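What follows is a set of notes on a single structure, which appears directly below.
What you see is a predicted model, and the numbers here were worked out from it, not measured in a lab. Because only heavy atoms are used, hydrogens play no part in the values below, and waters and symmetry mates are left out as well, while side chains stay in.
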Amino acid sequence: MVREGANDWYRKQPWLVAATTSRHRINQLEMWQADTFDPARINLELTWAQDLGMNTMRVFLHDLPWQQDAGGFERRISRFLGIAEKHGIRPILVLFDSCWDPFPQPGTQRRRGRRA
């Protein structure tokens with residue numbers, strides 16, 4: 001019975017068209033830290049995604065912002081989700097992904113081969 005309900009729900013979902021946000025910040029940390037969280041930039045990028053026909057976005061949540069300020073982190077996630085909803089984008093949240101850098105540190109991040 002649960003399988004049938006899940007399959008029925010899935011059949012009603014649109015085809016997922018997505019990317020990974022954000023091009024402006026190193027997603028896992030700078031997107032979520034209080035000093036570098038940028039709702040205007042997020043809105044701009046999700047506007048572009050919507051205009052291109054995207055309906056979801058893969059978004060990484062690093063554990064350091066949670067450790068630094070769990071309440072603020074939750075508020076920033078909530079704000080992000082509100083912006084995404086405004087654009088008809090249903091994000092896929094990758095929880096506490098900290099594997100991209102073996103020695104993560106809070107603050108401004110290095111730019112892996114890109115201009116700052």
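- Inter-residue side-chain proximity for K86 and L46 is flagged as unmet; no heavy-atom pair is nearer than 4.5 Å.
- By the criterion of side-chain heavy atoms lying less than 4.5 angstrom apart, applied directly or through intervening Ile, Leu, Val, Met, Phe, Trp or Tyr residues, I89 is not grouped with I92; the two fall into different hydrophobic clusters.
- Under a cut-off of 6.0 angstrom, the local environment of CD in Q68 is crowded, with over 12 non-hydrogen atoms contributed by other residues, nucleotides or ligands.
- Looking at T47, its side chain does come within 3.5 Å of a backbone N or O of N43 through a donor-acceptor pair.
- T36 places none of its side-chain heavy atoms less than 4.5 Å from the side chain of M31.
- Expressed to the nearest 0.5 Å, how far NE2 of H87 lies from CD of E45 amounts to 11.0 Å.
- Taken to the nearest 0.5 Å, the NE2 atom of H62 stands 13.0 Å off from the CG atom of L95.
- Within the 4.5 Å cutoff, side-chain heavy atoms of F73 are placed close to those of L61.
- The heavy-atom pair separating Q33 from R76 by the smallest distance is C-NE, 3.9 Å.
- Contact between L81 and P91 at its shortest, heavy atoms only, is CD2-CG, 3.6 Å.
- Residues Y10 and W15 are members of separate hydrophobic clusters, defined by side-chain heavy-atom contacts under 4.5 angstrom among Ile, Leu, Val, Met, Phe, Trp and Tyr.
- A 4.5 Å side-chain heavy-atom check between F37 and I42 finds at least one atom pair inside the cut-off.
- Under the 4.5 Å side-chain criterion, counting only non-hydrogen atoms from C-beta, L64 is in contact with L29.
- With hydrophobic clusters built from ILVMFWY side chains whose heavy atoms lie under 4.5 angstrom apart, M57 does not share a cluster with L16.
- In this structure, the ring of W32 has its center no less than 6.0 angstrom from the ring center of F60.
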